[in-house]
**Student:** 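Dumping the structure here so I can ask a few things about it.
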Amino acid sequence: MVTLNVNGQEHQTDADPATPLLYVLRDDLALNGAKFGCGLGQCGACTVTVDGRAVFSCLVPIAALEGRAITTVEGLGTVDNPGPLQRAFMDEQAAQCGYCIAGMMMRAHALLQENPRPSEAQIRAVLQPNLCRCGTHMRILRAVARAAQGARSAAATPQESVR
Amino acid sequence: MLIRRILLALLVVVVIAAAAFFAWAWEPAIALSDPPDPSSFDHETVQRGAEVAALGNCRVCHTTQGGRTFAGGRPLPTPFGTIYATNITPDPDTGIGRWPESAFTRAMREGVDREGRHLYPAFPYDHFTHLTDDDVKALYAFMMTREPVKAETPANDLAFPFNIRLAVAGWKLLFFHKGGLATDTAHDETWNRGAYLVQGLAHCGACHTPRNRLGATEKRHFLAGGSAEGWHAPALNADNPAPVPWNADSLMTYLRTGSAPLHGASAVPKAPATENLAQVNESDVRAIANYVASVAGPPSPERQQKADALIEQLTKAPRETVGLAKSDGETGAPIFAGACATCHSETRLRGAGGARNLALSTALNAPDPRNAIHFVLDGIHPREGKSGPFMPGFAAALTDDQVAQLLDYARSRFTSRPAWNDLRTRVPRVREGKDQS
């Protein structure tokens, strides 16, 4: 039995310890946001965060995850109450087919947790492992920048916004 | 009194020795000259200079990540501190635009800059001192016809006493042997060309020869394995740990393409060198490959037999179901099965995407675990805009302890070498970039 902490909730799974996290998320926990793309860590569609850092869930066996905090795109908000990053992606209409978007958001989420004010160059560099075949990259970049901006203005005190 | 006389005599000797050292160590500044007109160099010389620069790997150190080529600023971590590669574009103020050729030649051959300051041997002048007049001249022509880039080089960050330039003069007195290489008449022209490239221009030993505690390459242990930027540079002599012995052909393929079918792919910091060697004259790469193969010598019949048996076993192994390697047993096994086995087949020569069976891995067979740790943490990434071998890094996915468990498992599963006993301390140090030994 491996115990997984996903989006703040503990789940017990009897899957083989070698099973990649992605399969447990999708098949056992019904968290279908993370997608299977290449299964080789080359496309980023399966990206989730572990202890705040982006990982390819298709290549992380659950044996390595006991006691670590896993966040999936479902942990960023709900359909009725989307989180700021999800809201920004919607506002910019950043998804076309949408297959890559959960992974894009999770890698962007890890970036914004670590650096709330990334430059465009930093956003581009960090998102580099995640592929989008529709070509909505410009919208994705804008969405991440927008989420960062939103977080800043929300956090700004009145004094700061005067300055 | 006798003691007084002896002390006095000693003092005189020390003063004279010090004076002699200073006189020897002192190098004059060479006057600035107007930047030469790029059109004053003939095209053919510049073209040859481009080859010299590629074989000499100049741009690898003299370019920062994402920075302009040859504009310097790249930090080179050494056991003595950080040295920043200088701007070698012909910018008159921040580069070498106003260096006359004599100053350039002196820097290359003697490790002294235009102002007469001794250069740190991170700049491998102990190898470049072997360069022919023609090559230095061509390289000067090439550098002076590059686009000038204005970029100040950051100050070096070295611990005392290494931050004193004069200390480098003492270092040279002990370890630096100036001068060209004699032709070895016992060998043919190709071999001699290879010797010149490996020992001189391509400065292979700068990484692949061990250095002593003062950072000088140990000539007795030529190409016996060294260090570079926190990586282990494998031995290229008979001690090379590759399970399948290298020969001139496989070396040629590796140096030319960055990957060899029965060995694997080059990664940081080797990849930029193979990228350069892909562009130069084929005969020069052939000469390097021949010479390195001759340094290693032919493998023993037992070693070759073992390698042949391994290749046959891997080639004939039945196809397995991808990603479903057995996960019971040792602690690292499920991690290997879930994280690695999708690409690295446990039984066959090549897994998904062409990844090699790890039984062929030099890193996993090496005496030093650093490269294996680097591969697991950082993966392999082609340079931006380039295609090439790829492996994702697992730094975020695996803890230090898990990386150690995984490598323990892989080392015992795929090699017949003794376990690495220092993984638990090495993994965190490599992760933090502190393993610069």
Side-chain angles (χ1 to χ4, degrees), chain A residues 1-2 4 13-24 36-71 103 106-107 109-111 113-114 119 121-122 124-131, chain B residues 65-67 321-346 350-355 375-407 409 431:
Chain A
M1 274 291 186
V2 177
L4 296 175
T13 171
D14 56 4
D16 187 299
T19 312
L21 171 64
L22 178 65
Y23 305 158
V24 175
F36 182 94
C38 64
L40 302 168
Q42 297 188 7
C43 76
C46 67
T47 306
V48 302
T49 67
V50 172
D51 291 339
R53 298 181 66 190
V55 304
F56 300 121
S57 65
C58 72
L59 289 183
V60 190
I62 54 171
L65 295 171
E66 189 94 43
R68 302 173 73 189
I70 301 157
T71 306
M106 292 319 293
R107 197 168 292 277
H109 175 66
L111 167 67
Q113 295 297 105
E114 196 189 317
S119 65
Q122 284 168 327
R124 278 172 185 262
V126 165
L127 289 183
Q128 192 269 341
N130 289 46
L131 307 184
Chain B
Q65 204 181 359
T321 311
V322 168
L324 288 181
K326 278 192 280 313
S327 66
D328 47 343
E330 290 134 290
T331 342
I335 299 178
F336 181 88
C340 315
T342 311
C343 293
H344 293 285
S345 164
E346 281 200 271
R350 281 158 172 271
F375 280 124
V376 172
L377 291 178
D378 307 331
I380 302 174
H381 303 276
R383 236 161 41 93
E384 202 179 317
K386 305 272 177 187
S387 64
F390 169 84
M391 168 180 158
F394 290 85
L398 301 177
T399 63
D400 290 341
D401 210 40
Q402 289 164 353
V403 172
Q405 288 168 8
L406 171 62
L407 287 174
Y409 169 76
R431 192 193 284 270

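Naming convention: chains lettered A, B, ... in sequence-line order (proteins, then strands); numbering from 1 in each chain. This structure is a prediction, so every number in the text was calculated from the model and none was measured. Computed over heavy atoms, backbone and side chain alike; hydrogens, waters and symmetry mates excluded.
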**Student:** At a heavy-atom separation under 4.5 Å, does B:Ala395 approach chain A through its side chain, its backbone, both, or neither?
**Tutor:**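 Backbone plus side chain of B:Ala395, per the 4.5 Å heavy-atom cut-off to chain A.
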
**Student:** Heavy-atom pairs under 4.5 Å with chain A: which of B:Leu406, B:Asp401, B:Leu398 has the most?
**Tutor:**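 It is B:Leu398.
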
**Student:** A:Cys38 versus chain B, heavy atoms under 4.5 Å apart: side chain, backbone, both or neither?
**Tutor:** neither

**Student:** Working to the nearest 0.5 angstrom, can you tell me the gap between B:His381 NE2 and A:Gln128 CD?
**Tutor:**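 Interatomic distance, B:His381 NE2 to A:Gln128 CD, rounded to 0.5 Å: 8.0 Å.
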
**Student:** At what distance, to the nearest 0.5 angstrom, does CZ of B:Phe390 lie from CG of A:Leu40?
**Tutor:** 9.0 Å

**Student:** What heavy-atom pair brings B:Pro392 and A:Gly41 nearest, and what distance separates the two atoms?
**Tutor:** CB-O, 3.8 Å

**Student:** Using non-hydrogen atoms only, which part of A:Ala54 is less than 4.5 Å away from chain B: side chain, backbone, both, or neither?
**Tutor:** backbone

**Student:** Could you tell me which non-hydrogen atom of B:Gln402 sits nearest to which non-hydrogen atom of A:Ala64, and how far apart they are?
**Tutor:**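 So the minimum-distance heavy-atom pair works out to NE2-O, 2.8 Å.
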
**Student:** Could you give the distance from CD1 (B:Ile335) to CG (A:Leu59), rounded to the nearest 0.5 Å?
**Tutor:**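 Separation between the atoms: 13.0 Å.
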
**Student:** So which heavy atom on A:Pro20 is nearest to which on B:Gly338, and how close?
**Tutor:**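 Residues A:Pro20 and B:Gly338, closest heavy atoms: CG-O, 4.2 Å.
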
**Student:** If every non-hydrogen atom of A:Arg68 is compared with every non-hydrogen atom of B:Thr399, which pair is closest and at what distance?
**Tutor:**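 Closest approach of A:Arg68 to B:Thr399, heavy atoms only: CZ-CG2, 3.8 Å.
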
**Student:** Take atom CD in A:Glu66; do more than 12 heavy atoms of anything else shown fall under 6.0 Å from it?
**Tutor:** yes

